[in-house]
Amino acid sequence: MSIQERLLLSVEAIEEHYNAGDYIFREEATPQFYYQIVSGEIKLNSYKEDGKEFIQNILSDNACFGESMLILGKPYPVNAVATTKSTVLKIGRDQFFQLLKDHPHIFLDMYKTLSEKTSEKMVLIQKITGKNAEERLMELMNQMKEAKENKEKFSFEIPHTRQQLASLTGLSIETAIRAIKRMEKNEILIIKNGKIFY
DNA sequence: TCATTAATTCGCC
DNA sequence: GGCGAATTAATGA
């Protein structure tokens with residue numbers, strides 16, 4: 001879900017451009033804007049005590065991010081980092097609340113997607129903890145595929161690097177790669193010139 | 001196309 | 001299971 005671009009522009013949305021690796025906001029910062037992706041890919045991450053990256057979520061076109069913290073008015077618990085060249089629209093806090101007030105359907109949509117995201121995360125965390133590498137990756141891929149129409153086996157190309165998959169499941173890269181290879185052997189997925197199909 | 005950098009894989013502990 | 005080195009892929013000049 002997303003707010004229509006024309007609505008965002010009608011309240012003086014600012015268009016911003018980022019390169020891969022650029023921060024859009026940082027952990028601990030106070031939320032000031034509602035952000036929506038026009039194009040590109042954004043990840044929400046944080047770093048564990050050992051310095052290992054944990055990716056909370058990877059978002060692409062039309063997704064919004066950081067909205068729950070904006071509504072709450074609490075500091076961000078994660079960083080937002082562009083992983084590719086990206087274009088983002090943002091509107092200020094006041095404009096955002098005004099939009100919600102003026103357009104109840106936007107409020108409902110927002111509420112619904114927020115609930116979906118929250119529920120997804122809760123389910124994933126519950127399914128991932130205590131499981132071995134292969135099961136974790138399978139749960140993650142199941143969830144990503146749920147959003148797709150085509151449910152056929154091997155029809156879904158995983159749009160992430162192995163590193164990203166590892167950081168999304170709390171595995172190390174090597175463990176993720178080894179697990180992925182075993183999964184290929186067990187015909188849970190196939191690998192076609194490096195790309196994973198599930 | 002070549003050079004640089006990032007991602008992946010492999011051998012070893 | 002993770003480190004460092006070797007290989008390969010992606011990116012940019």
Side-chain angles (χ1 to χ4, degrees), chain A residues 14-29 35-63 65-66 76-90 117 120-148 150 152-198:
Chain A
I14 302 165
E15 187 174 285
E16 293 192 318
H17 299 271
Y18 296 95
N19 291 313
D22 287 351
Y23 279 74
I24 294 134
F25 58 71
R26 286 172 188 272
E27 206 173 332
E28 308 290 318
Y35 294 95
Q36 190 168 302
I37 303 172
V38 176
S39 66
E41 188 183 84
I42 309 292
K43 68 179 173 184
L44 301 178
N45 74 3
S46 56
Y47 291 89
K48 301 191 278 189
E49 325 75 60
D50 61 2
K52 229 168 91 178
E53 178 187 29
F54 185 77
I55 299 181
Q56 308 281 343
N57 216 342
I58 298 179
L59 303 158
S60 56
D61 294 8
N62 290 322
F65 56 95
Y76 290 116
V78 293
N79 305 294
V81 187
T83 58
T84 65
K85 206 173 206 319
S86 305
T87 302
V88 169
L89 282 176
K90 71 175 187 185
K117 279 196 227 175
E120 261 186 20
K121 282 293 142 204
M122 290 198 303
V123 170
L124 188 65
I125 284 170
Q126 182 255 319
K127 286 190 169 178
I128 269 179
T129 46
K131 297 248 170 112
N132 67 32
E134 286 164 67
E135 287 171 322
R136 290 192 205 191
L137 288 164
M138 193 155 83
E139 293 296 352
L140 177 68
M141 293 190 299
N142 273 336
Q143 190 173 96
M144 292 191 296
K145 194 172 177 175
E146 255 174 45
K148 295 279 171 181
N150 191 347
E152 264 178 73
K153 220 176 176 201
F154 309 144
S155 66
F156 175 48
E157 179 181 345
I158 305 291
H160 305 309
T161 65
R162 284 150 178 71
Q163 234 169 74
Q164 288 174 327
L165 293 175
S167 298
L168 280 161
T169 47
L171 300 167
S172 71
I173 304 168
E174 294 94 332
T175 305
I177 286 172
R178 284 164 187 155
I180 288 164
K181 284 187 165 175
R182 280 197 301 276
M183 290 163 88
E184 184 189 28
K185 199 168 289 173
N186 297 332
E187 296 177 350
I188 292 166
L189 51 79
I190 54 177
I191 298 173
K192 217 160 60 185
N193 53 50
K195 307 279 180 200
I196 301 166
F197 291 84
Y198 178 67

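Because the structure is a prediction, the values reported are computed rather than measured. Below, chain A is the first sequence line, B the second, and so on; all start at residue 1.
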Residues A:K127, A:N142; criterion side-chain contact (heavy atoms from CB on, under 4.5 Å); working and verdict:
CA-CA 11 Å; A:K127 286 190 169 178; A:N142 273 336; over 6 Å; no
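Residue A:L171 contributes atom CG, which lies 16 Å from atom C1' of B:dT8 at whole-angstrom precision. Rounded to an integer number of Å, the gap from A:I196 CD1 to B:dT8 C1' is 11 Å.
When the options A:H17, A:E16, A:E15 are evaluated for a side-chain hydrogen bond (donor to acceptor under 3.5 Å, both in side chains) with A:T87, the one that passes is A:H17.
There is a side-chain donor-acceptor pair under 3.5 Å between A:T83 and A:E41.
Listed by chain and residue number, A:F25, A:F65 satisfy the ring pair (Phe, Tyr, Trp, His ring centres under 6.0 Å) test with A:Y35 (two or more places apart in sequence, or in another chain).
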Within the 4.0 Å limit for protein heavy atoms, which parts of nucleotides 5-13 of chain C are touched? Write it as a string from 5' to 3', B for base, S for sugar-phosphate only, - for none.
-----S---
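Between A:F156 atom CZ and A:L189 atom CG the span is 12.0 Å, to the nearest 0.5 Å.
With a 6.0 Å radius and a threshold of 12 heavy atoms from other residues, nucleotides or ligands, A:K48 has its NZ atom above the threshold. With a 6.0 Å radius and a threshold of 12 heavy atoms from other residues, nucleotides or ligands, A:K85 has its NZ atom at or below the threshold.
Across all non-hydrogen atoms, the minimal contact from A:N19 to A:A82 is O-CB, 3.5 Å.
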Are any protein N/O atoms closer than 3.5 Å to N/O atoms in nucleotides 9-12 of chain B? If there are, list each pair with its distance.
from   : atom 1 : to     : atom 2 : distance (Å)
B:dT9  : OP2    : A:R162 : NE     : 3.1
B:dC10 : OP2    : A:K181 : NZ     : 2.4
B:dG11 : O6     : A:R178 : NH2    : 3.4

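OP1 or OP2 of C:dG1 sits under 4.0 Å from a side-chain N or O of A:T175. Under 4.0 angstrom from either OP1 or OP2 of B:dA7 there lies no side-chain N or O belonging to A:T161.
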